[in-house]
Amino acid sequence: MEIKYWSDIACPFCYIGSTRMKRALKEMNIYDETPLEFKSFQLDPTLPKTTKESMLDHFSKGHGMTKQQAKAQIEQISQMGASDGLKVDLLNAVPTNTEDAHRLIKLADSKNDDALTERVIDAFYQVYFSNGESIADHDVLTKAATEAGLDTEEVSSVLSDDKYLKEVRADEMEAQQLGIHAAPFFVINNKYGISGAQPYEVMLDALKKIETGAVK
């Protein structure tokens, strides 16, 4: 089984959805043998790399809500993450551009070490959802990426240039060609699609049916 999924570091449902997918694969004892390829998908590529805007203001404006409604929605998302054992402190997240984080994930991919890539992705989720730090800040990215196992000089080289930008754009173009307009979106065996952070039981059932050939 092969799985690729379009995801953004700033997307709480991507964090939750990928966690559920990995849990389902482990439940089936096929996690270690199942390639799980992270594909870049920026929810809002127009966001700046520095901002003083709070997540509450950003969320309320972006979703056409009052601040009270936005706060209730944010708290609900955070509780959803907690139910999967994740710290999703969305209220204190910094709404900035995620492009550089995606480029560093591509750097990790280039090492052909799935465990390394997963550590980098998880480290970036921690930066965004747990630490309340800017995912666009180069010092923050460098610290997280190197602690996850990437080489400091290589990280600096990527961040000082536009390396891997072409690969990020290619993922986004592929999503458009496949009609994918939201994340997360999982594509299994280049044939079956699962959209959104579906409940764990739904993902597990879908994977079992695909593995046994119960769905055509």
Side-chain angles (χ1 to χ4, degrees), residues 1-25 28 30-31 34-48 58-59 61-65 73 76-77 80-81 84 88 90 93 95-110 114 117-118 120-121 124-125 128-129 135-136 162 164-216:
M1 191 180 294
E2 295 182 359
I3 302 173
K4 53 187 176 183
Y5 68 107
W6 277 262
S7 182
D8 193 8
I9 293 300
C11 169
F13 300 112
C14 296
Y15 190 18
I16 295 166
S18 62
T19 298
R20 291 175 177 173
M21 176 61 75
K22 292 170 191 174
R23 180 184 165 200
L25 290 170
M28 295 172 64
I30 59 172
Y31 177 76
T34 304
L36 192 63
E37 182 182 359
F38 180 104
K39 291 281 197 174
S40 297
F41 188 103
Q42 293 183 83
L43 295 179
D44 187 353
T46 68
L47 283 178
H58 175 74
F59 196 97
K61 285 193 294 185
H63 293 80
M65 298 177 173
Q73 184 86 23
Q76 185 178 16
I77 293 170
M80 182 180 176
D84 283 270
V88 180
L90 187 58
T96 51
N97 194 286
T98 60
E99 182 178 276
D100 288 339
H102 282 287
R103 294 196 297 118
L104 288 177
I105 292 170
K106 291 301 181 186
L107 169 63
D109 276 343
S110 73
D114 291 341
T117 301
E118 286 300 318
V120 172
I121 293 168
F124 290 166
Y125 277 137
Y128 194 87
F129 290 111
I135 197 66
D162 62 356
Y164 297 106
L165 182 59
K166 185 185 298 183
E167 287 82 353
V168 171
R169 293 284 184 267
D171 283 355
E172 294 169 343
M173 180 63 70
E174 185 180 358
Q176 290 181 11
Q177 292 171 343
L178 292 173
I180 298 170
H181 304 295
F185 194 95
F186 301 85
V187 175
I188 304 165
N189 293 343
N190 292 312
K191 184 175 182 180
Y192 308 101
I194 298 177
S195 178
Q198 297 293 332
Y200 163 72
E201 294 78 11
V202 172
M203 286 192 172
L204 181 61
D205 183 61
L207 291 177
K208 285 181 176 178
K209 286 180 178 177
I210 292 169
E211 187 183 44
T212 60
V215 289
K216 302 298 183 181

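Just so it is clear, the values below take in all heavy atoms, side chains as well, and ignore hydrogens, waters and symmetry mates.
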Exercise. When you look at Tyr31 and Lys22, which way does the side chain to side chain contact (heavy atoms under 4.5 Å, CB included) test go after all the steps?
Worked result: CA-CA 7 Å; Tyr31 177 76; Lys22 292 170 191 174; 3.7 Å; yes
For this session: Dump the intermediate steps for side chain to side chain contact (heavy atoms under 4.5 Å, CB included) on Met21 and Leu36, then the final yes or no.
Result: CA-CA 9 Å; Met21 176 61 75; Leu36 192 63; 4.2 Å; yes
For this session: Decide yes or no on side chain to side chain contact (heavy atoms under 4.5 Å, CB included) for Phe13 and Ile77, but give the supporting numbers first.
Result: CA-CA 8 Å; Phe13 300 112; Ile77 293 170; 3.9 Å; yes
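Taking each heavy atom of Ile135 and Ala101 in turn, the nearest pair found is CG1-CB, 3.8 Å. In plain terms, the two heavy atoms of Val88 and Gly81 that are nearest each other are CG2-CA, 3.9 Å. Nearest approach of Ser40 to Lys106, heavy atoms of both residues: OG-CE, 3.8 Å.
Taking CD1 from Ile3 and OG1 from Thr34, the interatomic distance works out to 6.0 Å, rounded to the nearest 0.5 Å. Note that the CG atom of Asp84 and the CD1 atom of Ile16 stand 6.5 Å from one another [nearest 0.5 Å]. To the nearest 0.5 angstrom, Phe59 atom CZ is 6.5 Å from Leu90 atom CG. Between the CD1 atom in Ile121 and the CG atom in Leu104 there is a gap of 11.5 Å [rounded to 0.5 Å].
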Identify all side-chain donor-acceptor contacts of residues 177-190 below 3.5 Å with residues at least two apart in sequence or on another chain.
unit_1, atom_1, unit_2, atom_2, d
Asn189, OD1, Glu2, N, 2.8
Asn190, OD1, Lys4, NZ, 3.2

Residues 202-213, side-chain donor-acceptor partners within the protein, below 3.5 Å, at least two apart:
unit_1, atom_1, unit_2, atom_2, d
Asp205, OD2, Lys209, NZ, 3.2
Thr212, OG1, Lys208, O, 2.9
Thr212, OG1, Lys209, O, 3.3

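In this structure the side chain of Lys39 never reaches within 4.5 angstrom of the side chain of Ser7, judged on heavy atoms. Within the 4.5 Å cutoff, side-chain heavy atoms of Pro12 are placed close to those of Phe129. In this structure, Thr96 and Leu47 have side chains that are not in contact, with every pair of non-hydrogen atoms separated by 4.5 Å or more. Put simply, the side chain of Ser110 reaches to within 4.5 Å of the side chain of Tyr164, judged on heavy atoms. The closest side-chain heavy-atom distance from Leu107 to Val120 is not below 4.5 Å.
When atom types are taken as modelled, the side chain of Arg23 and the backbone of Tyr200 share no donor-acceptor pair closer than 3.5 angstrom. When atom types are taken as modelled, the side chain of Asn97 and the backbone of Pro48 share no donor-acceptor pair closer than 3.5 angstrom. Of the possible donor and acceptor atoms, none in the side chain of Trp6 sits under 3.5 Å from a partner among the backbone N and O of Glu174.
Residues Arg103 and Glu167 are not paired through a salt bridge, judged by the lack of any N-O separation under 4.0 Å between the basic side chain and the carboxylate. A salt bridge between Arg169 and Glu99 is present, with a side-chain N of the basic residue lying under 4.0 Å from a carboxylate O of the acidic one.
Side chains of Thr19 and Tyr125: a donor-acceptor N/O pair is absent below 3.5 angstrom, by distance only.
Residues satisfying the side-chain contact (heavy atoms from CB on, under 4.5 Å) criterion with Ala10, sequence neighbours excluded, are Asp8, Thr98, Tyr128.
Aromatic pair His102/Phe41: centroids not less than 6.0 angstrom apart.
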